[in-house]
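Just below is one structure, and these are the notes that go with it.
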2 protein chains.
Amino acid sequence: MLKFSKRADYALLSLQYMATVQIGIEAHPRVVNTKEIAEEHNIPVELLAKVLQTLARHQLIESHHNGPKGGYALGREPKDITLAQVLEAIEGPLGLTDCSHEKDDHSQCEQMNHCNIRTPLFKIQESIFQLLNSMSIEDLLVEETPLIIVESLKPQGVPS
Amino acid sequence: MLKFSKRADYALLSLQYMATVQIGIEAHPRVVNTKEIAEEHNIPVELLAKVLQTLARHQLIESHHNGPKGGYALGREPKDITLAQVLEAIEGPLGLTDCSHEKDDHSQCEQMNHCNIRTPLFKIQESIFQLLNSMSIEDLLVEETPLIIVESLKPQGVPS
DNA sequence: GAATCTCCGACCAAAATCATCGGACTAAAT
DNA sequence: ATTTAGTCCGATGATTTTGGTCGGAGATTC
């Protein structure tokens with residue numbers, strides 16, 4: 001439960017990739033094309049294309065349709081792209097319940113004679129939203145340890 | 001996105017209801033039946049039945065199959081039922097990604113040549129999990145304002 | 001024994017999601 | 001100018017999840 005959709009995963013992976021790939025390059029933002037990202041991560045190209053289109057439509061990345069040298073590049077600094085923005089671009093406004101939006105007019109929520117759990121649920125939702133908004137693509141650029149380096153496995157003084 | 005399923009909503013509503021209804025009653029826990037909850041909240045009975053069965057199977061509530069006086073009652077103190085427990089009971093182990101579990105063997109996640117966003121994603125997931133585990137059914141028992149009391153709508157001194 | 005309830009499993013329908021395909025347009029390279 | 005490699009957009013099909021339904025078995029009270 002509470003799982004990201006694959007599209008969301010793909011979006012995050014792509015943005016992370018685009019961020020790392022253009023590190024240190026100031027001008028001429030490094031443009032990467034769909035196929036490159038897809039092959040790098042084993043993602044069906046056509047689906048990824050749609051994800052990237054969506055991100056572009058939401059200004060998170062810029063499309064450079066320049067023929068053979070075309071592709072995408074980040075539209076802003078990595079730290080200015082929050083995870084909440086990415087998720088909302090991909091999956092629409094996020095909320096735990098249907099009545100999260102239109103807080104007053106709960107047209108749908110009338111189902112329940114009187115819903116007594118709105119307030120606490122909104123608080124939870126707010127917390128999660130803040131969390132997702134406090135993290136950016138920059139925070140995804142951590143060194144990914146190649147898996148399972150159990151702490152204090154190597155005795156001291158014996159470098160590799 | 002990140003929406004609860006309706007079953008989860010129903011579960012929370014039911015637990016909240018069962019908690020309020022038995023307030024002040026020490027012994028003989030007030031047993032409520034499925035239909036009562038369903039009618040109270042306009043929920044299809046059969047679906048709610050399944051939700052309650054699931055909760056019972058996970059020990060969150062107790063089933064009293066006593067014929068006409070049968071029904072369900074909370075299995076523990078409201079404060080000992082965390083939202084995380086409820087959600088996991090209803091929707092299975094929660095995690096943002098498919099590879100959330102089996103952290104080492106990422107059999108599925110091999111899709112991505114190398115997934116560089118595991119670590120930060122796990123952190124987010126951990127935060128959300130803590131949040132959901134820090135709140136219990138007791139926290140749902142707040143006074144719910146009857147909706148739309150727009151601030152300072154009524155001029156002072158002119159009651160109703 | 002009849003009524004009322006839980007319990008369980010199987011089942012169907014609708015909706016969301018994943019994935020694919022085809023066609024239009026653009027700009028660089030030759 | 002033609003080719004080529006790319007984006008862009010919409011439509012469509014397949015798969016999965018979810019919401020919702022049904023029928024029968026077992027227990028208990030009246």
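Proteins come first, then strands; the chains are lettered A, B, ... in the order of their sequence lines, and each starts at number 1. Predicted, not measured: the structure shown is a model, and the values here were computed from it.
Rounded to an integer number of Å, the gap from B:Asn42 CG to D:dG19 P is 17 Å. For the pair B:Ile43 CD1 and D:dG19 P, the interatomic distance rounds to 12 Å; values are reported in whole Å. Atoms NZ (A:Lys35) and C1' (D:dT4) sit 11 Å apart, rounded to a whole Å. Atom P of nucleotide C:dA3 and atom CG of B:Asn33 are separated by 18 Å, given to the nearest angstrom. At whole-Å resolution of the value, OH in A:Tyr72 and P in D:dA5 are 18 Å apart. When the P atom of D:dT7 is taken as reference, atom CD of A:Glu62 falls 15 Å away, rounded to whole Å. Following rounding to the nearest Å, B:Ile90 (CD1) and D:dG19 (C1') show an atom-to-atom distance of 13 Å. In this structure, B:Lys6 atom NZ and D:dT17 atom P are separated by 19 Å, rounded to whole Å.
Checked by atom type and distance alone, the side chain of A:Ser63 never pairs as donor or acceptor with a backbone atom of A:His65 at under 3.5 Å. The backbone N or O of B:Glu36 lies less than 3.5 Å from a partner atom in the side chain of B:Asn33, making a donor-acceptor pair.
Remark: A:Ile37 CD1 to A:Asn42 CG distance equals 14.0 Å, nearest 0.5 Å. For the atom pair CG of A:Leu140 and OG1 of A:Thr20, the computed distance is 10.5 Å after rounding to the nearest 0.5 Å. Atoms CG and NE2, from A:Asn116 and B:His41 in turn, are 5.5 Å apart once rounded to the nearest 0.5 Å.
Side chains of B:Leu55 and B:Ile90 form a contact here, defined as non-hydrogen atoms less than 4.5 Å apart. Contact annotation: the side chain of A:Phe129 approaches that of A:Glu88 to within less than 4.5 Å [non-hydrogen atoms, C-beta and beyond].
Phosphate proximity of C:dT17 to A:Tyr10: absent, as no side-chain N or O sits under 4.0 Å from OP1 or OP2. The phosphate of C:dC5 (OP1 or OP2) has no side-chain N or O of B:Thr34 nearer than 4.0 angstrom. Contact annotation: A:Ser63 side-chain N/O to D:dC8 OP1/OP2 distance is under 4.0 Å.
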What string of B, S and - do you get for nucleotides 20-30 of chain C 5' to 3' if you count protein non-hydrogen atoms under 4.0 Å?
B------B-S-
